[in-house]
Amino acid sequence: MERKPLSGARIAAIGASLVCTGTAFGGTAPDDDIDWKVIGSPGNPAFAAPSGFFQERGSVPYEYRLATTEITVSQWYEFVVAYSSVIGNAATSISVTGSFIVGYDSPDGHPTFEYAPAATNVPTNLSWRMAARYCNWLTNDKTITADAFERGAYDTSTFGYGPNGELLDQATHSPGAKYWIPTLDEWIKGAHYDPTRGGDDPVSAWRNYPYGLDRAPIPGDPLLGGETNAGLFGLVEPEFDFSSGRYADQSSPWGLLDISGGMTEWTEEKVLIWRVVKGSGFFSSPSSTVFEDNIRDRNLASPDSISLYGLRIASAVPAPSSSVIVLGIVFLKLRRSR
């Protein structure tokens, strides 16, 4: 099913509910540390469904990492400030800042940005193409040069459309990328595969819904037994906390949080002129979350649409440091000498 993009007015209204003009972020930009979970069981069986979009998908032959939660407003703020040093006042566009950060042009080309403290840990919205630039920047160790934002994980010079309207964007991340937008297989494995279940039938280790469930998570306040904030926007009090990680008791078998709710998440999967997005968001309608959270469902979105799509970033599993390897060798020698 393809979701129609939200209107500009709708996006602005959502942003206004969390961003208060004049409430500046003080001090230095926040640390960009990301909490990771390793997704193991390489070579797991694919999801075998009799129907739906994703038969025989979800098998991943290697270990990788996924962020525990989606990229938040405070993490995105650091990127926006860095990117503005390269593109100047162009960074104040909502296509760069998302809905929760406000940018102010400056005559000298050094814009300023702010967001409301209440939005600090709320998952940010961003387009697929800006998510690609974020991955480039991280892959290039946050270097502040134009090339650091445009190459690394994805070559942004490919971004565009051909004469027949075909999408020319680089389809998958470059070999050697440190960070990337998760592939569809990586995403659904992290969200729906439970290696602790299935016994002699590993195919049955797949769960239809997040958190090891075969039913849709129940929307509501986590303090009152709710399992997700999906579909709650506009139905709760304005002070309701939509921050990432509040549903700490609801995690995927790997420890991922907010698979349901938060933002609908980008994947790398390309379908004609769209990218596949997965999962529900707090802006979803209550009735649609049942479908959006199901492993068999998908939505399609233009790579330039910010709407309310977010990013759960993927990464390679770091190799052990040389000091760890040396300690291991010493330990083995000590055991053998006994």
Side-chain angles (χ1 to χ4, degrees), residues 1-3 36-70 172 180-219 227-231 247-271 275-281 284 287-300 309-317:
M1 136 178 122
E2 180 183 353
R3 177 187 294 134
W36 298 99
K37 296 294 184 291
V38 174
I39 313 300
S41 297
N44 62 293
F47 176 65
S51 63
F53 293 107
F54 303 132
Q55 297 102 319
E56 301 303 321
R57 296 299 301 264
S59 179
V60 182
Y62 48 83
E63 285 193 335
Y64 59 101
R65 300 189 301 175
L66 287 176
T68 303
T69 58
E70 298 146 337
T172 60
W180 61 88
I181 300 165
T183 69
L184 176 63
D185 294 313
E186 291 168 347
W187 195 97
I188 64 174
K189 179 179 179 177
H192 294 281
Y193 186 73
D194 186 347
T196 67
R197 300 172 70 171
D200 295 331
D201 179 21
V203 173
S204 65
W206 285 98
R207 317 281 16 121
N208 287 323
Y209 284 91
Y211 315 136
L213 300 173
D214 283 321
R215 59 161 176 83
I218 301 169
E227 299 172 329
T228 176
N229 61 25
Y247 297 82
D249 294 334
Q250 307 301 321
S251 67
S252 82
W254 309 102
L256 304 180
L257 302 177
D258 304 326
I259 293 293
S260 172
M263 293 286 170
T264 295
E265 299 177 20
W266 289 110
T267 76
E268 210 174 59
E269 187 81 354
K270 180 180 172 183
V271 177
R275 298 284 181 168
V276 171
V277 290
K278 285 290 291 173
S280 61
S284 301
S287 60
S288 67
T289 60
V290 175
F291 302 100
E292 292 171 355
D293 280 335
N294 193 304
I295 189 175
R296 293 174 172 84
D297 191 56
R298 71 176 183 183
N299 282 313
L300 303 176
Y309 305 123
L311 173 66
R312 184 184 304 271
I313 200 167
S315 167
V317 177

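Using a 4.5 Å heavy-atom cutoff, the side chains of V277 and L300 are not in contact. Looking only at side-chain heavy atoms (C-beta outward), Y209 and I295 stay at 4.5 Å or farther from each other. Looking at heavy atoms from C-beta onward, R65 lies out of side-chain contact with K37 at the 4.5 angstrom threshold. Contact check for W254 versus S41: side-chain heavy atoms found under the 4.5 Å cut-off. Counting only heavy atoms from C-beta outward, the side chains of P182 and L311 approach each other to under 4.5 Å. T172 has its side chain out of reach of T183: every pair of non-hydrogen atoms, C-beta onward, lies at least 4.5 Å apart. By the 4.5 Å heavy-atom criterion applied to side chains, F47 and N208 are counted as neighbours.
Of all heavy-atom pairs between V60 and N44, the closest is N-OD1, 3.0 Å. Smallest separation of non-hydrogen atoms from S260 and A230: OG-CB, 3.8 Å. P45 and S59 make their closest contact through C-CB, 4.2 Å (heavy atoms, listed as atom of the first residue, atom of the second, distance). Across all their heavy atoms, R207 and L213 have their closest contact at CB-O, 3.5 Å. Of all heavy-atom pairs spanning G261 and T228, the tightest one is N-OG1, 3.5 Å. Scanning both residues, R312 and L257, for their nearest heavy atoms gives NH2-O, 2.7 Å.
Side-chain N/O atoms of D258 and T69 include no donor and acceptor closer than 3.5 Å. A donor-acceptor contact under 3.5 angstrom links the side chains of Y62 and E186, judged on distance only.
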Side chain to side chain contact (heavy atoms under 4.5 Å, CB included) between R298 and T267, worked out: CA-CA 11 Å; R298 71 176 183 183; T267 76; over 6 Å; no
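Contacts of E227 classified as side chain to side chain donor-acceptor pair (under 3.5 Å), with partners at least two apart in sequence or in another chain: R215.
Between W187 and H192, the angle of the ring planes lies from 30° to 60°, which puts this pair in the tilted group.
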